[in-house]
Amino acid sequence: MSQVLTDADADPKQLFMTGRTYGNTGAASIPITLDAARTASRLHDGAHIVLASIGAGMTWGTAVLRWQTIPQQPGCATSLEFP
């Protein structure tokens, strides 16, 4: 991962990973990591975020998005709650 950051001329402090915390979460890795970054206050309105993941074989995906906080609507939960 450090070589990818070097090649992209990116600051390692901008990287947020959860593999050591949660292990291999497969297809859920991007949403889990995005929520962990949000919970840790690492995202701010207008931030550009690169989501990248690899899977078994030749499977991979990347997306770039701009983060925007949506104001909470009355009666809507701010996070998922499980019993």
Side-chain angles (χ1 to χ4, degrees):
M1 187 54 65
S2 61
Q3 186 60 49
V4 171
L5 291 172
T6 299
D7 291 349
D9 195 29
D11 182 354
K13 293 178 184 175
Q14 294 177 303
L15 183 66
F16 198 89
M17 294 182 9
T18 56
R20 290 186 178 170
T21 303
Y22 299 109
N24 182 3
T25 55
S29 61
I30 287 178
I32 287 172
T33 304
L34 190 58
D35 183 63
R38 181 193 59 81
T39 302
S41 300
R42 293 278 303 270
L43 303 176
H44 58 83
D45 283 349
H48 288 95
I49 301 169
V50 176
L51 307 174
S53 184
I54 59 171
M58 298 294 287
T59 306
W60 62 274
T62 304
V64 178
L65 56 92
R66 185 180 320 207
W67 184 259
Q68 179 179 348
T69 303
I70 299 173
Q72 183 181 359
Q73 299 297 317
C76 293
T78 56
S79 63
L80 295 176
E81 296 177 7
F82 297 97

Transitive ILVMFWY cluster of [X], excluding itself - 4.5 Å side-chain cut-off:
X: Val50; value: Val64
X: Tyr22; value: Ile32
X: Ile30; value: Leu34, Leu43, Ile49, Leu51, Leu65, Trp67

Worksheet item: Taking all non-hydrogen atoms of both residues, which atom of Leu15 and which atom of Arg42 are closest, and how far apart?
Response: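 The answer is O-NH2, 3.5 Å.
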
Worksheet item: So, for Ala28 and Pro31, which heavy atoms are closest and what is the spacing to 0.1 Å?
Response: O-CD, 3.2 Å

Item to complete: Give a yes or no answer on whether the side chain of Thr39 reaches the backbone of Asp35 with a donor-acceptor pair at less than 3.5 Å.
Response: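 Answer holds: yes.
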
Worksheet item: Does CG belonging to Asn24 count more than 12 external heavy atoms closer than 6.0 Å?
Response: no

Item to complete: May I have all residue pairs that pass side chain to side chain donor-acceptor pair (under 3.5 Å) and include part of residues 45-60, sequence neighbours excluded?
Response: Asp45-Thr69

Item to complete: Return the set of residues passing side chain to side chain contact (heavy atoms under 4.5 Å, CB included) with Ala36 (not counting sequence neighbours), or none when no residue passes.
Response: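 Checked Ala36 against side chain to side chain contact (heavy atoms under 4.5 Å, CB included); matches are Phe16, Thr18.
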
Practice prompt. Could you pull out all residues at least two apart from Asp9 that satisfy side chain to side chain contact (heavy atoms under 4.5 Å, CB included)?
Written response: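 Result, side chain to side chain contact (heavy atoms under 4.5 Å, CB included) vs Asp9: none returned.
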
